[in-house]
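Data first, discussion second: the structure below is written as structure tokens.
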Amino acid sequence: MSNNRFQALSELHYRQPRDFEAPATRVSDYFAGNVFSYHKMREYLMEETYEKLQDCIHNGTRIDRQTADHVAAAMKEWAISNGATHYTHWFQPLTGATAEKHDSFFRPIGDGRALERFEGSMLVQQEPDASSFPSGGIRNTFEARGYTLWDPSSPAFLVGRTLCIPTIFISYTGHALDYKMPLLKALHAIDLAATAVCQYFDKDVNKVQVTLGWEQEYFLVDSALFKARPDLFLTGRALFGHRPAKGQQLEDHYFGSIPERVMGFMQEFEYESHRLGIPVTTRHNEVAPNQFELAPMFEEANLANDHNQLVMDLLQKIAQKHNFNVLLHEKPFEGINGSGKHNNWALSTNTGVNLLKPGKNPKSNLQFLTFLVNTVAAIHENADVLRASIATVGNDHRLGANEAPPAIMSCFLGDQLSAMLDGLEKNIKAGKMTPEDKTELKLNIGKLPQALLDNTDRNRTSPFAFTGNKFEFRAVGSSANCAYAMTVLNTIVAHRLIQFRKDVEARIAKGDDKDEAILKELQRLIKQSKSIRFEGNGYSEEWVKEAKKRGLSNFGDTPSALEVWKRKDVQRMFEQLNVLTHQEIHARLEIEYENYSRRREIEARICSDLAQNHIIPTAIAYQSRLTENVLGLMEIFDARESAAMTSVQKGLIREINAHVTAIKTQIDKMAGEREKLESLTTEKQAQAYCHKVKPLMDTIRHHVDALEHMVDDEMWPMPKLRELLFTR
Ligand code: ADP
Ligand code: MG
């Protein structure tokens, strides 16, 4: 019997690792070669234009027409001298992928000649046909206009022969239709709020930047096997397949080195990343077989996020050259560890201080504690919004799956910091502080060691863990655009810092001195936010119970996690900080419900098709073979003997029948449920997909996986998980 699986498996015999060697030996020779970096701007721009552009990037001043024209001319010159023929506005619509529309530089000028043209107006604004991107009702489809606007803070770059210009994407009414614009606004909000708080400690601070270092996990699957699994290529995850034996998973740890074919892929990927100025520095095997991780040096958050978007594209492109497909889904294989994208987050000042790193003296340590405690308090106050920022179909399978952080938001601080906060909570007396009290407190604070970077004191089961000089938000999904989580995190911390400043000012107005006011306010926050701090095992059942006792939320699925966006106080917070208007929030909510339903709908369709067209026929074919065998034996042997000889086969025939019947019943039920969905609102649809359709898919899977155990391996139509996961 010929089937796709065996064709795919036979292709593997001919796989050779693709040789790849970077043309230059030193990364520094080609790093950022494809980027119109500050360095190149200096070379291509007049001094005055360069200064104006820098002023715009760092201080947000507007760029005048003439400056834009000069920048455009320089960009064009640089791009064309590097072989570019086209340019594109590169943006991040709410579909989750990046989008671009290419235009050529060349324009005919009428007398049989052509010129390469690129002016300021073309750099600054474009009008892509926006009708195919989700808008959640902000932009009526008949009014298909949307604009992309240049983001000068992220440098233009070359991909192949196309100049790519990072842009935001807005509707003609000015509403954000993308991930980048709210992120930029949140970064601005936290800059203002954190700078104001820094004034208590250092008057020289006039800007606070967010730094982001993401760690990207992914799976690699051979592309022939990938193509023989329609579920993988249409939904990103295996809808069927029983997990490989435990022993096989452990085997991977023994093979600690990166396989040769994977290494070839990684080297080429890193080369292309480096040419794009993406400072990828780390690569390693992950826990699961065929799972890997890469991480760059951290960067300013907007740039880091653009780089992550580029990396996700690049991973796919380069993988294909090596006959691999990259799976960015949060949980491609049930029973096997899923993939995340840890977001390492910190705040850094123009004076070169990381506000989340303990300082050298009591004063800088008090500043550190101020930012630490306010961050913890922000998570406590707005855990539900943070949870919503990571809610996606894929992440629903990963969070709380006992190998990823639970859906309960909590903060881990480690022994030393926990002790410090507990001390502050206890030792700050109510009422007026004496100078001695203050000195003693400050001395204590000063004792905080500068290096809290103790690797043994790590809690990998916490969704939001302090790791010495930054927080690591570990619950972000591997396929997510970091901007969503980063927008929310920075907004809620900004909101908290603004409140902090107000509360400290109020205490000062009542007669406290500055340090006393800060200390008392910190003490209040430490008390208030205690329930969000958790140092134990976040994967355990006990934590779920304990968290419930503490009154912490635990939203197990996307539709329920998204509810928080309807809260008026949440909308007000985003509106007041000028990050998202309530219309934008409403539109985003609609889009997220739609995305959820669309993804589940595709899964349900593929699940039915595969079960019906691949699995049931295979099971029946095998059953027929068993039946033939039983009839044959009954013909040759007498009744007593043949009864004994056919009992196993008969048992299998019955079992197969039961599974096939169950599958068919669930498929029909699912079709019925999906029909009922059509008239519902987007919200109700998402809920129904979650609570009605998804459980039916799970049941179908259960029966299909049972059949996989039973049916002759030679007949099974789709590559099995062990083949997908252990083939290199
Ligand atoms: P690990 O967490 O694997 O032990 P590190 O702590 O060195 O490794 O860093 C993990 C990630 O955190 C890296 O991507 C790194 O760039 C990032 N990172 C380090 N410092 C900062 C910071 N100040 N701000 C944001 N990200 C950071
Ligand atoms: Mg880490």
Side-chain angles (χ1 to χ4, degrees), residues 27 31 183 186-187 190-191 194 198 205 207-218 256 258 266 269-270 273-274 277-287 291-312 315 337 339-359 364 367-368 371-372 375 379 404-405 411-414 416-417 449-476 478 480 482-483 485-490 493 538:
V27 176
F31 187 77
L183 174 65
L187 296 174
I190 198 165
D191 173 14
C198 284
V205 173
K207 187 164 178 75
V208 173
Q209 240 185 14
V210 175
T211 50
L212 165 64
W214 42 264
E215 302 164 59
Q216 176 77 54
E217 294 178 340
Y218 60 95
I258 297 173
M266 285 180 172
F269 163 78
E270 283 167 13
S273 299
H274 289 152
I278 307 169
V280 175
T281 51
T282 311
R283 59 178 172 220
H284 59 81
N285 289 350
E286 257 308 318
V287 184
Q291 191 187 26
F292 304 95
E293 180 185 300
L294 72 100
M297 268 288 291
F298 66 92
E299 299 176 282
E300 184 280 320
N302 175 44
L303 182 61
N305 187 52
D306 281 358
H307 281 168
N308 182 246
Q309 290 297 114
L310 272 174
V311 154
M312 290 197 285
L315 280 171
N337 264 33
S339 301
K341 173 150 48 199
H342 302 174
N343 280 204
N344 293 275
W345 171 90
L347 298 169
S348 95
T349 65
N350 60 302
T351 54
V353 171
N354 174 356
L355 295 168
L356 289 168
K357 188 173 189 277
S364 54
Q367 173 172 279
F368 159 71
F371 282 92
L372 182 93
T375 303
I379 307 298
C411 291
F412 168 88
L413 294 180
Q416 279 172 306
L417 279 178
Q450 228 194 315
L452 285 172
L453 288 161
D454 178 3
N455 262 311
T456 54
D457 195 18
R458 287 282 174 99
N459 184 329
R460 307 205 175 265
T461 66
S462 172
F464 200 83
F466 184 74
T467 53
N469 57 0
K470 61 191 182 290
F471 277 99
E472 183 171 352
F473 188 21
R474 303 173 66 253
V476 184
S478 48
C482 308
M486 283 296 114
T487 299
V488 168
L489 176 61
N490 289 302
V493 176

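Counting starts at 1 for both ligands and their atoms, following the listed order.
Counting heavy atoms only, Phe298 comes closest to atom 16 (O) of ligand 1 of the residues Trp214, Trp345, Phe298. Evaluated by nearest non-hydrogen atom to atom 3 (O) of ligand 1, the leading choice among Lys357, Glu472, Glu215 is Glu215.
Taking 4.5 Å as the limit, every side-chain heavy atom of Pro463 sits out of range of all side-chain heavy atoms of Phe412.
Checked by distance only, ligand 1 and Arg460 stay at 3.5 Å or farther apart across all their nitrogen or oxygen atoms.
At a heavy-atom cutoff of 4.0 Å, ligand 1 is contacted by the side chain of Asn354 but not by its backbone. With a 4.0 Å cut-off on non-hydrogen atoms, Met297 touches ligand 1 through its backbone and not its side chain.
Distances below 4.0 Å separate heavy atoms of Gly213 from the following atoms of ligand 1: 25 (C), 26 (N). Applying the 4.0 Å criterion to heavy atoms of Pro296 picks out, from ligand 1, the atoms 13 (C), 14 (O), 16 (O).
Applying the side chain to side chain contact (heavy atoms under 4.5 Å, CB included) criterion to Ala301, with sequence neighbours excluded, gives Leu187, Val210, Leu212. In this structure Phe471 satisfies the ring-ring contact (aromatic ring centres under 6.0 Å, His included) test together with Phe464, Phe466, sequence neighbours excluded.
A salt bridge does not link Lys341 with Glu215: none of the charged nitrogens is closer than 4.0 Å to a carboxylate oxygen.
A side-chain N or O of Trp345 and one of Asn490 form a donor-acceptor pair less than 3.5 Å apart.
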Kindly determine whether Ser339 and Gln291 satisfy side-chain hydrogen bond (donor to acceptor under 3.5 Å, both in side chains), including the steps that lead there.
-> CA-CA 8 Å; Ser339 301; Gln291 191 187 26; 3.1 Å; yes
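The closest approach between any non-hydrogen atom of Ser348 and ligand 1 is not below 4.0 Å.
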